[in-house]
Structures are given as structure tokens and as C-alpha cells.
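Take a look at the structure set out below.
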Amino acid sequence: MTAKKQKNKCPALLSRTRPPTVQKKHATLSAKATRTLIRSHHTLLKQRAQAIKLGDQPTVDKLDAEIKANGGLESYQIASKLGQALDRGGDSSKVLVDWIGPHFGGLRNTSFRLRVLEIGALSTKNACSRNKHLDVTRIDLNSQEPGILKQDFMERPLPLGDDNRFHLISLSLVLNYVADPVGRGEMLKRCVAFLTKEPPPGSLIPIVPRLFLVLPAPCITNSRYLTEQRLQEILTSLGFSLEKHKQTSKLIYQLWACNETCQPKQFKKEILNPGRLRNNFAIVVKNGSK
């Protein structure tokens, strides 16, 4: 009953943060060009979101033109795909499979597979897609190949039963794409509604639902408004506990177990780590149902 009302109010619709897709021929990009394109795209999207918030349509139109001139969403996805190539840091889902691998033991003599929702999927051939113990549902706003459903996670119907829920949700380089801090908080809250502890039929194998989160390292290490401690406080209030953590020079990988009751607390955008050269990445959580 409240889902529809929430949907109308929710500021986190990914489709509102991305301009129209522009078709462009695939090209080979250098590592430097890849990073430049991704940074430029994120900067333009942040400016666009701010213009929308201010009701400045001429600026929105101008920024849309700049985004299209840069190749639009498709070029961004090409750059992201290249960024996941083995010679540029690898497929992030390989870290996920390595982390949850020890939990596959109880599944080896069964046909049961853990259901995975991969949000912002770019490939059907990554590590989690190739694992026989995982049944992967892939969604993205702009599907790049068959096997990836074109869908906005924030508009995906809320599950009515465990059959439509997942044992694992992957948010790899997705949360940072949401231009609005409130939208990021809403996305994290919404993830909880899609997780389940449902065990294999007729089995007593314990299932712990999990969230795999990957963010650019500067989102946490160099933000005015988000620190590692604040991120932990936010996710703890949503019922998560940190199981695994890995940091490289560019990325932060985390695996969160959802084993507590979701009781969202309010987290405002406030300066936690002042500094002139820091970025403005933030996650805002408002009171209310997920």
C-alpha cells in the first residue's frame, strides 16, 4: 500500500540521474582516456542533478548537450567495461566469488543455487555469472547485451514473497552513479527489501543474505561528508554487519551480511572530514520505511 506512495516521492530513480542514451561506435580507449571519460561523465551528472534541483532547465539542456557530445551513457558504459578488463584491475565480481566461495560447501550436493541480483550489470560473462552455485539476475538502465534486463532498480516492483527476493545483491560501482545523496540512502534501504534468508527446499543449510558494495576509494577516503565510520553506521542501522573489506588505490570492496533488523536512523549531510581539496560524495538517510 505504501510502495506506490514511496515510489512517487523517491528521489533516487536512476533514470532521473542519467540523460538519454547516445548511440556511438565502440572504440578502444587508453587507461587514461577511460578514467578521464568516467570522471567527466560523473561531474556532468552531478551538475545536471543540481540544475534539476534548482529548476534551471536551460542549464539542464546545456549539460545534456555536453553529455551527448561526450558519447552519452553508452560511452560511459564502454569505459566502465574497459575498466573491468583484466589489465585494468579485473572483474570486481571475482572478489565477490572469492569471498563467498567458502559458503558453497553446503550446496555441492544439491541443485540449489544462491539467487543474485546484479544491479548495473555490464556483462553476462563475469565471474559470478560463470559460477555454477549462483543464479544471477542482471539489470541495468541501458542493457549492453542479451541476458541483462533493461530496468531501473528503484522502479523494480517490491517483492511479494521470497521467490522474488535474493540471497545476494551486488552494487558494484552503482551507488556512486546516483547523483543525489538522498537517492543513495534510498537505494541502500531498498536493497534490504529484496534480500531473503530462505534456505534450499527441505534443507537446514543456514542462509545469510549479503550485500556486495564497491565504491571508488575517494568516495570514502577523501570525502567531506562520508567516512568509513559513517558508512558503517549507516549500514549497521539497516541491519548489516561488515564481513569483508578490501581496499586498493582506486576501489573499496565490501561484503555486508544482513542478519539484524532494519531500523534506519537519520543521517544528514554534515562535514565529517573538512578540507579544501576533498570531494562532496555523501549518503543521506531519511527516517521512514525502506
Side-chain angles (χ1 to χ4, degrees), residues 1-18 49 96 100 112-122 128-129 134-143 147-201 206-215 231 234-241 254-267 283-290:
M1 182 175 71
T2 59
K4 184 175 181 181
K5 181 178 179 182
Q6 179 185 352
K7 176 180 170 183
N8 292 336
K9 287 187 175 182
C10 178
L13 295 182
L14 292 178
S15 55
R16 295 179 187 173
T17 70
R18 295 187 180 186
L96 170 61
I100 63 175
F112 183 81
R113 295 190 294 168
L114 296 177
R115 295 192 297 276
V116 180
L117 177 62
E118 187 180 9
I119 302 170
L122 295 175
C128 65
S129 295
L134 302 178
D135 178 15
V136 184
T137 297
R138 310 168 196 85
I139 64 174
D140 189 64
L141 287 178
N142 182 44
S143 174
I148 300 176
L149 176 66
K150 184 175 181 178
Q151 185 180 71
D152 186 334
F153 173 63
M154 301 307 294
E155 292 188 309
R156 186 181 178 92
L158 289 170
L160 299 177
D162 279 334
D163 288 347
N164 296 317
R165 293 189 175 95
F166 300 86
H167 304 108
L168 177 64
I169 293 177
S170 173
L171 278 181
S172 179
L173 299 177
V174 172
L175 198 64
N176 56 297
Y177 200 102
V178 180
D180 181 75
V182 175
R184 297 174 193 136
E186 291 297 323
M187 174 172 277
L188 291 175
K189 288 164 66 176
R190 191 175 178 86
C191 282
V192 179
F194 282 85
L195 289 170
T196 179
K197 297 180 180 180
E198 177 199 13
I207 297 293
V208 177
R210 292 176 171 88
L211 172 69
F212 181 58
L213 180 65
V214 182
L215 286 170
L231 180 62
I234 291 172
L235 285 163
T236 298
S237 80
L238 299 180
F240 291 98
S241 59
Q254 294 181 336
L255 185 65
W256 296 85
C258 186
N259 47 24
E260 301 293 339
T261 302
C262 179
Q263 297 178 325
K265 296 179 182 178
Q266 182 169 317
F267 292 92
I283 299 175
V284 172
V285 180
K286 293 189 173 183
N287 289 329
S289 60
K290 49 189 178 293

Calculate, to the nearest 0.5 Å, the distance between atoms [atom1] and [atom2] belonging to [X] and [Y] respectively.
X	Y	atom1	atom2	value
Asp140	Glu118	CG	CD	9.5 Å
Ile283	Leu175	CD1	CG	5.0 Å
Leu149	Leu141	CG	CG	10.5 Å
Leu188	Leu231	CG	CG	7.5 Å
Ile139	Phe153	CD1	CZ	6.5 Å
Arg210	Ser241	CZ	OG	9.0 Å

Q: Under the ring pair (Phe, Tyr, Trp, His ring centres under 6.0 Å) rule, collect the residues that match up with Phe267, sequence neighbours excluded.
A: none
Side-chain touch [X]/[Y], heavy atoms, less than 4.5 angstrom:
X	Y	answer
His167	Leu134	no
Val174	Ile119	yes
Leu171	Cys191	yes
Phe240	Val192	yes
Leu211	Leu235	yes

Can you list, pair by pair, the side-chain donor-acceptor contacts under 3.5 Å of residues 254-265, counting residues two or more places apart and other chains?
{"from": "Gln254", "atom 1": "OE1", "to": "Trp256", "atom 2": "NE1", "distance (Å)": "3.0"}
{"from": "Gln254", "atom 1": "NE2", "to": "His245", "atom 2": "ND1", "distance (Å)": "3.2"}

What are the two closest heavy atoms between [X] and [Y], and how far apart are they?
X	Y	value
Arg165	Leu195	CD-O, 3.3 Å
Val116	Phe166	C-CD2, 3.6 Å
Thr196	Pro209	O-CB, 3.5 Å
Pro159	Ala193	CG-O, 3.2 Å
Met154	Met187	SD-CA, 3.9 Å
Val136	Cys128	CG2-O, 3.6 Å

Q) Can any side-chain N or O of Lys286 pair as donor or acceptor with the backbone N or O of Gly185 at less than 3.5 Å? A) no
Q.
Using a 3.5 Å distance criterion without hydrogens, assess whether the side chain of Arg156 forms a donor-acceptor pair with backbone atoms of Gln151.
A. no
Q. How about Ser129 and Arg138: does a side-chain donor come under 3.5 Å of a side-chain acceptor?
A. yes
Q: Under the side-chain contact (heavy atoms from CB on, under 4.5 Å) rule, what do Lys189 and Leu238 come out as? Steps first, then yes or no, please.
A: CA-CA 7 Å; Lys189 288 164 66 176; Leu238 299 180; 3.7 Å; yes
**Q.** Verdict with supporting geometry, Leu114 and Leu168, side-chain contact (heavy atoms from CB on, under 4.5 Å)
**A.** CA-CA 7 Å; Leu114 296 177; Leu168 177 64; 5.9 Å; no
